[in-house]
Amino acid sequence: MYCGRMAAHMGWGIIEEEGWRKGPWTSEEDRLLIEYVRLHGEGRWNSVARLAGLKRNGKSCRLRWVNYLRPDLKRGQITPHEESIILELHARWGNRWSTIARSLPGRTDNEIKNYWRTHFKKKAKVPSDASDKGQNTRLLRRATISSSPAATTTATAAATTIAAD
DNA sequence: AATTGTAGCAACCGCGAAGTT
DNA sequence: AAACTTCGCGGTTGCTACAAT
């Protein structure tokens with residue numbers, strides 16, 4: 001989270017060829033995006049530029065909102081309890097970050113992904129079989145989502161149990 | 001004290017799924 | 001029904017701060 005302001009000097013590409021700004025968000029941009037969502041709700045990200053005067057493409061806006069500006073985000077350090085859930089669910093499902101995130105209210109897939117990578121990746125060469133990379137992962141997503149409510153509950157319960165232990 | 005290495009995180013990209021017209 | 005647009009995911013990068021030498 002750095003110490004508050006870290007977008008002081010953005011060192012990388014500022015304006016893209018098509019006119020889209022890139023790189024770290026300024027507090028002014030954040031304000032515009034927050035105001036946009038307040039007025040129009042989440043979604044329609046591609047029209048943010050038009051309706052809010054933000055020189056960002058929809059993808060960038062959505063990412064910023066979902067990972068940083070959403071009011072229901074928890075922020076702050078991952079708790080030991082949350083960590084155990086992450087470990088448990090990752091052991092079950094691998095890098096299915098968004099699915100894992102659904103079991104951790106206020107946490108984003110990006111946050112969980114970053115956390116796991118920085119804390120565990122180097123140590124564990126992916127314990128189980130990492131042969132599931134690529135297409136299978138993608139194709140399995142729908143099925144996983146379909147069965148996720150029950151699975152989520154079960155796994156969450158398991159993780160909770162372990163954590164409580 | 002200065003330089004090089006590492007950690008951690010915000011944000012980017014490509015691509016496929018989902019939605020729209 | 002097909003073409004086109006938007007969304008969402010997972011992997012990766014680029015940058016800053018901090019640690020080590």
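Given the structure is predicted, the values throughout are model-derived calculations rather than measurements. Residue numbers start from 1 in every chain, and the chains themselves are labelled A, B, ... in the order their sequence lines are given, proteins ahead of strands.
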Expressed as a whole number of angstroms, how long is the span from [X]:[atom1] to [N]:[atom2]?
X	N	atom1	atom2	value
A:Trp25	B:dC9	CH2	P	21 Å
A:Asp109	B:dA10	CG	P	13 Å
A:Glu111	C:dG10	CD	P	16 Å
A:Ile100	C:dG8	CD1	P	19 Å
A:Trp65	B:dA10	CH2	P	17 Å
A:Arg117	C:dG14	CZ	P	14 Å
A:Lys59	B:dA10	NZ	C1'	15 Å
A:Trp20	B:dC13	CH2	P	13 Å

Does [X] put a side-chain nitrogen or oxygen below 4.0 Å from OP1 or OP2 of [N]?
X	N	result
A:Arg75	B:dA10	yes
A:Arg62	C:dG8	yes
A:Arg96	C:dG10	yes
A:Thr118	B:dA7	no
A:Ser60	B:dA11	no

For [X], side-chain hydrogen bond (donor to acceptor under 3.5 Å, both in side chains) partners two or more places apart:
X	result
A:Glu82	A:Lys74, A:Thr79, A:Arg107
A:Arg38	A:Glu35
A:Arg31	A:Glu28

### Query
Side chain of A:Thr26, backbone of A:Glu29: donor and acceptor closer than 3.5 Å?
yes
### Task
Residues of residues 44-53 of chain A with any non-hydrogen atom less than 4.0 angstrom from an atom of DNA chain C: list those, numerically ordered, please.
A:Arg44, A:Trp45, A:Asn46
### Task
Ignoring hydrogens and angles, answer whether the base of C:dG14 and the side-chain atoms of A:Lys22 contain a donor-acceptor pair closer than 3.5 Å.
no
### Task
Assess whether one donor atom and one acceptor atom, taken from the side chain of A:Asn114 and the base of B:dA10, lie less than 3.5 Å apart.
yes
### side-chain contact (heavy atoms from CB on, under 4.5 Å) partners of A:Ala49, counting only residues at least two apart
A:Trp20
### Task
Evaluate the ring planes of A:Phe120 and A:Trp116, with Trp represented by its six-membered ring, and classify them as parallel (under 30°), tilted (30 to 60°) or perpendicular (over 60°).
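Tilted: the ring planes of A:Phe120 and A:Trp116 meet at 30° to 60°.
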Hey, can you pull the donor-acceptor pairs under 3.5 Å for the side chains in residues 59-66 of chain A, sequence neighbours left out?
residue : atom : partner : partner atom : Å
A:Ser60 : OG   : A:Trp25 : NE1          : 3.4
A:Arg64 : NE   : A:Asp30 : OD1          : 2.9
A:Arg64 : NH2  : A:Asp30 : OD1          : 3.4
A:Arg64 : NH2  : A:Asp30 : OD2          : 2.8
A:Trp65 : NE1  : A:Glu42 : OE1          : 3.4
A:Trp65 : NE1  : A:Glu42 : OE2          : 3.4

### Query
Across the strands shown, which category fits A:Asn110 at heavy-atom distances under 4.0 angstrom: base, sugar-phosphate, nothing?
base
